[in-house]
Amino acid sequence: MGEWIYNSSFDTVMDFAVTVDNVFKRYGQVEALQGVSLSVRPGELFGIIGPDGAGKTSLFRILATLLLADEGKATVCGLDMVKDYKAIRQRVGYMPGRFSLYQDLTVEENLSFFATVFHTTIEENYDLVRDIYRQIEPFRKRRAGALSGGMKQKLALSCALIHKPDVLFLDEPTTGVDPVSRKEFWEILRRLKEQGITIIASTPIVDEARQCDRIAFINEGRIHGIDTPDCILKQFADILCPSGLLHEKADNRENYVIEVDGLTKRFGTFTAVDHISFKVRQGEIFGFLGANGAGKTTLLKLIGGLLFPLRGRIEVCDAIPRLRKPSFLSDIFFIPEEICLPDMKMKDYFPLICRFYPKFDEELLFHAMEIFEVSESDKMGQMSYGQRKKALISLGIACNTRLLMMDEPTNGLDIPSKSQFRRLIASVASEERCVVISTHQVRDLENLIDALVIIEKSRILVNTTVEQITDHFVFRQLREGETALFAEESLRGRWGMVPNLQQEDSKLDMELFFNAVLEHPAEIEKVLK
């Protein structure tokens, strides 16, 4: 299938759910969109991929009538973007990349509010949102601001769907969503497509892009190609799927940076961390893997001394975290999921920070920022979310602490930036530095981590190393009729995890292993032991 861009000489706008014709958008001297043209058929699942800052969000905001284009035309459902903006707003749903619902309203109040705005009720269109809303319904009385990242995304999608729109605009909708929920999310999108809803979604995840009917690759404000996912991913592989780097595995058997024994933390009657025990060696890249709300963030904050345990022992960098001694704080750096940076240039900001970290490496800071393509002269408060996150990761690496902790570091990063992240972390890994990464985007850590724990409902299901996993299991496409400990249907066919009885060389499929552990934790743990 070749490139398919709207051409008014052959079709009318009524033949398309969405048309964009030579659209430009500028912010001062920045050309966010430069002559963008595309068309989307009714009922199509259309993807938009591209690097951070390519213009994806500007295009979504124009199509959602939240932003005016400087030049060019666009239509939605045959309606003109400028003249008919009020009618368009009744017929589209928009889910922005960053959570934008009312933080002080409960889940139920947010959904009810959006239903009322569109002159409908939750009950009237409940069938449309049931599959996704039922996952957050147990928390319907909780304020939206207190939800985990994944729960917020599910609420936002429910609010975008509650009025049964004809066209749905989704700007990186699965950011902050764990693999199981992400799979369910795209199954829901396919069912919505079957109901005739046109869906345009941007995504930083290659496997999600492959599930679209067609995708557009946008970079530096221009559409460079529109075709099937396989064609686009192959055509722009150097940008979208650059090769990663493997780091040398740590071989430090006895020197532990983190020792946790019987750790428990409660918030009121809710147990966030429940009798957890594990150790992390010096020089390891260690993964905390788990679904939304599993307890990963709480665990990181306990390690960093930002929270105090109810019971249990915890020692980090030969210190007790809750005492928060200066010598301890100068030996750790924590990058939270929700980042907050001042509206300063990095070249002005880092001199204020580096005095707290004796091993700070200015050269390493600018090396990391160069890899991430982040300018030291741009004000961080005016950067996109992805650029701010990359700036903070660069700063954390440059602090050269004995322990670097990152909470969901790849959330908000585009496809090329995730590859840059893996390459950068692999390149700075050493026997002197321990890196702990929490994530539910488990595929982002493939070929990177040495050891991991998988956490579910505040408890550790599996505590193991990558070497142990590949010694015991092989991950491959299954033959017709072949059985496996765990298998999933995917775009690659039927993919499974089978016992490594012949001691084959095995490459870890992180997401498949993660899903297998959630499904059969006791069986997997028994084999590993």
Side-chain angles (χ1 to χ4, degrees), residues 178-184 205-207 210 241 243-253 276-281 283-291 294 296 410 418 422 425-426 429 435-457 459-529:
D178 60 77
V180 174
S181 297
R182 192 168 69 240
K183 181 181 177 182
E184 294 171 347
I205 300 170
V206 170
D207 284 352
R210 293 186 189 277
C241 308
S243 58
L245 291 175
L246 294 176
H247 72 287
E248 293 186 8
K249 303 298 182 181
D251 190 23
N252 197 332
R253 299 297 176 188
I276 279 180
S277 300
F278 65 93
K279 296 179 180 181
V280 181
R281 292 183 176 91
E284 279 187 328
I285 300 179
F286 195 92
F288 289 167
L289 312 182
K296 305 184 300 296
T410 58
K418 290 184 177 186
R422 288 191 291 269
I425 296 300
V435 181
V436 174
I437 304 171
S438 90
T439 187
H440 54 253
Q441 309 270 10
V442 295
R443 200 175 290 279
D444 292 342
L445 300 190
E446 282 189 345
N447 298 328
L448 185 62
I449 60 175
D450 303 303
L452 59 93
V453 295
I454 294 179
I455 305 170
E456 173 72 0
K457 295 180 180 177
R459 287 180 173 270
I460 289 179
L461 299 182
V462 165
N463 180 0
T464 188
T465 66
V466 170
E467 185 178 5
Q468 283 179 309
I469 297 170
T470 54
D471 281 349
H472 287 84
F473 302 106
V474 177
F475 303 84
R476 57 174 169 79
Q477 190 169 10
L478 300 176
R479 297 182 293 272
E480 185 73 27
E482 184 180 8
T483 59
L485 288 170
F486 181 79
E488 285 185 336
E489 294 291 341
S490 73
L491 296 171
R492 302 172 292 176
R494 188 164 175 263
W495 206 256
M497 187 175 84
V498 298
N500 191 358
L501 301 178
Q502 305 300 321
Q503 294 300 299
E504 303 173 46
D505 287 336
S506 177
K507 182 177 181 295
L508 174 62
D509 184 319
M510 188 73 76
E511 189 161 314
L512 190 67
F513 179 74
F514 176 80
N515 292 339
V517 170
L518 295 186
E519 189 80 18
H520 306 293
E523 292 89 334
I524 303 298
E525 179 72 2
K526 183 178 179 181
V527 172
L528 289 172
K529 285 184 175 180

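No hydrogens, no waters, no symmetry mates; every other heavy atom, side chains included, goes into these values. Just so we're clear, the structure is a prediction, and the values are computed from it rather than from any experiment.
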Would you say that [X] contacts [Y] through its side chain, given a criterion of any heavy-atom pair below 4.5 Å between the two side chains?
X	Y	result
L485	P499	yes
W495	L512	yes
N463	E525	no
I437	L448	yes
V453	L289	no
V462	L528	yes
V436	E284	no

What heavy-atom pair brings [X] and [Y] nearest, and what distance separates the two atoms?
X	Y	answer
G283	D450	O-OD2, 4.1 Å
A484	L478	CB-CD1, 3.9 Å
V498	T483	CG1-O, 3.9 Å
K418	T410	CE-O, 3.5 Å
K507	F475	O-CD1, 3.6 Å
I460	S277	CD1-O, 3.6 Å

message: Would M510 and N447 count as a side-chain contact (heavy atoms from CB on, under 4.5 Å) here? Give the steps.
response: CA-CA 9 Å; M510 188 73 76; N447 298 328; over 6 Å; no
Enter the distance from [X]:[atom1] to [Y]:[atom2] here, rounded to the nearest 0.5 Å.
X	Y	atom1	atom2	answer
E467	H472	CD	NE2	10.5 Å
N515	M497	CG	CE	10.0 Å
I454	L518	CD1	CG	6.5 Å
D505	N500	CG	CG	8.5 Å
L445	E511	CG	CD	11.5 Å

task: Check the pair D471, I469 against side-chain contact (heavy atoms from CB on, under 4.5 Å), reporting the backbone distance first and the verdict last.
output: CA-CA 5 Å; D471 281 349; I469 297 170; over 6 Å; no
- line: For E446, the salt bridge (charged side-chain N to carboxylate O under 4.0 Å, His left out) test, sequence neighbours excluded, returns R443
query: Can E456 and K296 be counted as an ion pair, charged N to O under 4.0 angstrom?
result: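 Looking at E456 and K296, the cut-off is not met.
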field: Verdict with reasoning, F288 to T439, per side-chain contact (heavy atoms from CB on, under 4.5 Å)
entry: CA-CA 6 Å; F288 289 167; T439 187; over 6 Å; no
message: Tell me whether T465 contacts the main-chain N or O of Q468 through its side chain, where contact means a donor paired with an acceptor under 3.5 Å.
response: yes
- request: Tell me, with the steps shown, if E482 and R476 meet salt bridge (Lys or Arg N to Asp or Glu O under 4.0 Å).
  value: CA-CA 11 Å; E482 184 180 8; R476 57 174 169 79; 2.7 Å; yes
task: For the pair F473 and I524, evaluate side-chain contact (heavy atoms from CB on, under 4.5 Å) and give the outcome as yes or no after the intermediate values.
output: CA-CA 10 Å; F473 302 106; I524 303 298; 4.2 Å; yes
field: Plane angle bin for F286 and F278 - parallel if under 30°, tilted between 30 and 60°, otherwise perpendicular
entry: parallel
